[in-house]
Amino acid sequence: MEDKFSNRAVSSLLRSIATVYVLKDENRFRVVAYERAADAVDHLAREIKDIWQDKKLEEIPGVGKAISSHLDEYFRTGHSRHFDEILKKIPESIFVLMQIPTIGPKKAYKLVMNLNLFDKDTAVEDLKKACLRGKIAQMETFGEKSQSDILQAIGIYEKRSIKEERMILPYAFSIAEQIIDYLKQKPYFKRIDKLGSLRRMVETIGDVDLAAVVDVKYNQQAIDHFIAYPKTIKIDNAGDKKASIIVTPNVRVDLRIQEKNSYGSMLQYFTGSKNHNIRLREFALKKNYSLSEYGITKVESSLSVKATADEAKIKKFNSEERFYGYLGLRWIPPEIREGTDEIELAAKGQLPSLVDLRDIKGDLHVHSNFDLQPSHDLGEDSFEAMIKKAEDLGYQYVGFSEHNPKSSLLDKDVAAILKKRRLVIDKIKAKNPGLKIFSGLEVDILPNGHLALPEGCPDYLDYLIVSVHSAFDLDAEAMTNRVLEALKNPKVRILGHPTGRYFGKREGFALKWEKIFDFVKKNGIALEVNAWPERLDLPDLLVREAVNTGVKLIINTDAHAASHLNNMFYGVEVARRGWAQNKNIVNCLDASDFKNWLVG
DNA sequence: GCCGTTTTCGGCCCGACTGTTTTCAGTCG
């Protein structure tokens, strides 16, 4: 049973209210207001229940006096009389049918009323039967085609209910890169870009969307080449400007082709996000411009004489820089196009200069294959191989941080192992004067907040990363106390993968972030942005809060093999989505400053 | 119902696609 106070539950409640208002022909802007509030709740970095407790509901953009007072009652008593009253007006099964693609409020309403689908638990099944019996085709405004479309959509809905997972970013990214390499074999692909969430580097991706500049005379050849991609298992559709294929293992890839002269508007439009584009169009409208994927048109006020065709001509843009520039904005990095305050800041020329992969000067979360009988998995490669890779990347420093030895060992044996490791690392240091090498350890935070490391052992180490690897189900209060207890050890410099989330396995646990931020800030501890593909943790939204609070971050790969050091790119992208600049990131410091931060 | 360097009242994003319409409604991104 899902928590009725979770962000997802609250946003779904708000969306349901919007649906009722659609069906009751309520003022459409009131509908939009509820949808916007729901969107805002979906994009919160923290639990809305905590925000309610802090009495800050009205600070959520799109939540005003009315909605916040209804939500206040909802959180206090478990119900909002106002919302309940509204929801009573339509059958619950409508919300169920709306989960089926292509079925929105209007269609769901008609289907429920005409076919008596009032049982929410059987509504989908009953709808399916009605399709098979040919009942839909007989209904007004429906036909044979919509009947078979609905049947097909139910199929998609059923599959999705069982298993619909978005890909993790690095996975989608590599699929895209392979296809781009393939497309580039043909010289008529003048330029290729990723679009949508992939270009914005969102942590999970649905479809792979691509755009290409092609001279119009080569459109057909370009599309033919695309759909002939060797890993294509199905061609969904292929026009002369757009095609969709499914590639192995089962990923949908869309390609859009545009001529150079309007490529900028197209790139902008399909990069999104939806919220960013909405805000941007609102911003433009105040200057009497109307935006579309084809360019910018001047809007005439209704009082003026109708514009001649020539005046209304669309202004095209071959680059995004020009597109944004025409509106009086600085170009906005795709990673922060999420419709928060990026447009306002771009207008004032106050966008931050986001951290760049080239700013990273070292990696402090690296697991070698030095066998200290670790509590978790050992790395695959030697100290030397890792060092070689770090040097190839141009790093100034690297820190080794195997997992602590397993707790079944005697304390004195752990001490002996760590002492020996220290000697080995000291020798390696002497052989590699060009790279600063630190000796650390990633230590489990036990459920009681103690470290899985015997007293005295930190003496053999330069620094500790502490991480939660067990007992993920404590409540926020207990988990916060557990983590704070662990952070008290003076050798601790980094809180590793702070939410513990792991894509495909578990959600992150909740923490009282104000308390964590406060403690790490006072004690100069860095929160890790872990670049491991299934982690990407801290998540971007919390990165932004940390940055706003003045908390220091460190981007690490958690590498268990030399090749994993390349994942730094993804960690940097998470940080960029959180508006981090290099001044927020300790491993952007030069070696001597970094050493001062790490060991004093 | 929300919101404010052109507004505390009067506004509120844009277009494609599809199927059912004979001029548009519904859904989606």
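So you know, we letter chains A, B, ... as the sequences are listed, proteins then strands, and number each from 1. Since this is a predicted model, take the numbers as computed values, not measurements.
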Quiz item: Base, sugar-phosphate, or nothing for A/E140, non-hydrogen atoms under 4.0 angstrom?
Solution: nothing
Quiz prompt | Side-chain heavy-atom pair A/V22, A/T19 within 4.5 angstrom cut-off | solution = no
Quiz prompt | B/dC12 versus B/dT7 - spacing of their C1' atoms, nearest Å | solution = 12 Å
Quiz item: A/T141 and A/K110: side-chain donor and acceptor closer than 3.5 Å?
Solution: yes
Practice problem: Please work out if A/K286 contacts a base, only the sugar-phosphate, or nothing of the nucleic acid, heavy-atom cut-off 4.0 Å. | Solution: base
Practice problem: Could you tell me whether A/R28 contacts a base, only the sugar-phosphate backbone, or nothing, with contacts defined as non-hydrogen atoms closer than 4.0 Å? | Solution: nothing
Quiz item: Using atom P of each nucleotide, how far apart are B/dT20 and B/dG26 to the nearest Å?
Solution: 14 Å
Quiz item: Using the C1' atom in both, what is the distance from B/dC2 to B/dC13, to the nearest Å?
Solution: 16 Å
Quiz item: Reckon A/Y109 touches a base, only the sugar-phosphate, or nothing at all at heavy-atom distances under 4.0 Å?
Solution: nothing
Exercise. Check for a donor-acceptor pair, side chain of A/Y182 on one end and backbone N or O of A/H225 on the other, with a separation under 3.5 Å.
Key: yes
Quiz item: Counting any heavy atom closer than 4.0 Å, what does A/N27 reach on the DNA or RNA strands: base, sugar-phosphate only, or nothing?
Solution: base
Practice problem: Decide whether A/Y324 and A/Q268 meet the rule of one side-chain donor and one side-chain acceptor closer than 3.5 Å. | Solution: yes
Quiz item: What interatomic distance, in whole Å, is found between C1' of B/dT6 and the corresponding atom of B/dG11?
Solution: 13 Å
Exercise. Please figure out whether A/E282 or A/S146 has its closest DNA chain B nucleotide nearer the 5' end.
Key: A/E282
Quiz item: Going by atom types alone, do A/E259 and A/N318 pair a side-chain donor with an acceptor below 3.5 Å?
Solution: no
Quiz item: How would you label the contact of A/F270 with the nucleic acid (heavy atoms, under 4.0 Å): base, sugar-phosphate, or nothing?
Solution: nothing
Quiz item: Does A/R256 make a cation-pi contact with A/F270 (under 6.0 Å, within 45 degrees of the axis)?
Solution: yes
Exercise. Take atom C1' in B/dG15 and the same atom in B/dT22, then report the distance between them in whole Å.
Key: 22 Å
Quiz item: If you look at every strand shown and take non-hydrogen atoms under 4.0 Å, does A/L285 touch a base, only sugar-phosphate, or nothing?
Solution: sugar-phosphate
Quiz item: With nearest nucleotides of DNA chain B determined for A/V22 and A/K348 from heavy-atom distances, which residue corresponds to the more 5′ nucleotide?
Solution: A/K348
Self-check item: Assigned partner base of B/dT8, Watson-Crick or wobble definition, under 3.5 Å
Solution: none
Self-check item: B/dT21: syn or anti, per glycosidic angle within 90° of 0
Solution: anti
Exercise. Pick the C1' atom in B/dT5 and in B/dG1, then give their distance to the nearest Å.
Key: 24 Å
Practice problem: Measure from NZ or CZ of A/K49 to the centre of the six-membered ring of A/F75, then state whether that distance is under 6.0 Å and the direction lies within 45° of the axis. | Solution: no
Quiz item: Are A/L198 and A/V208 close enough that some pair of their side-chain heavy atoms sits under 4.5 Å apart?
Solution: yes
Exercise. Scan A/I278 against the nucleic acid and name what it touches under 4.0 Å (heavy atoms): base, sugar-phosphate only, or nothing.
Key: base
Exercise. Give me the first and last nucleotide of DNA chain B, going 5' to 3', that has any atom under 4.0 Å from a heavy atom of chain A.
Key: B/dG1 to B/dG29
Quiz item: Reckon A/V63 touches a base, only the sugar-phosphate, or nothing at all at heavy-atom distances under 4.0 Å?
Solution: sugar-phosphate
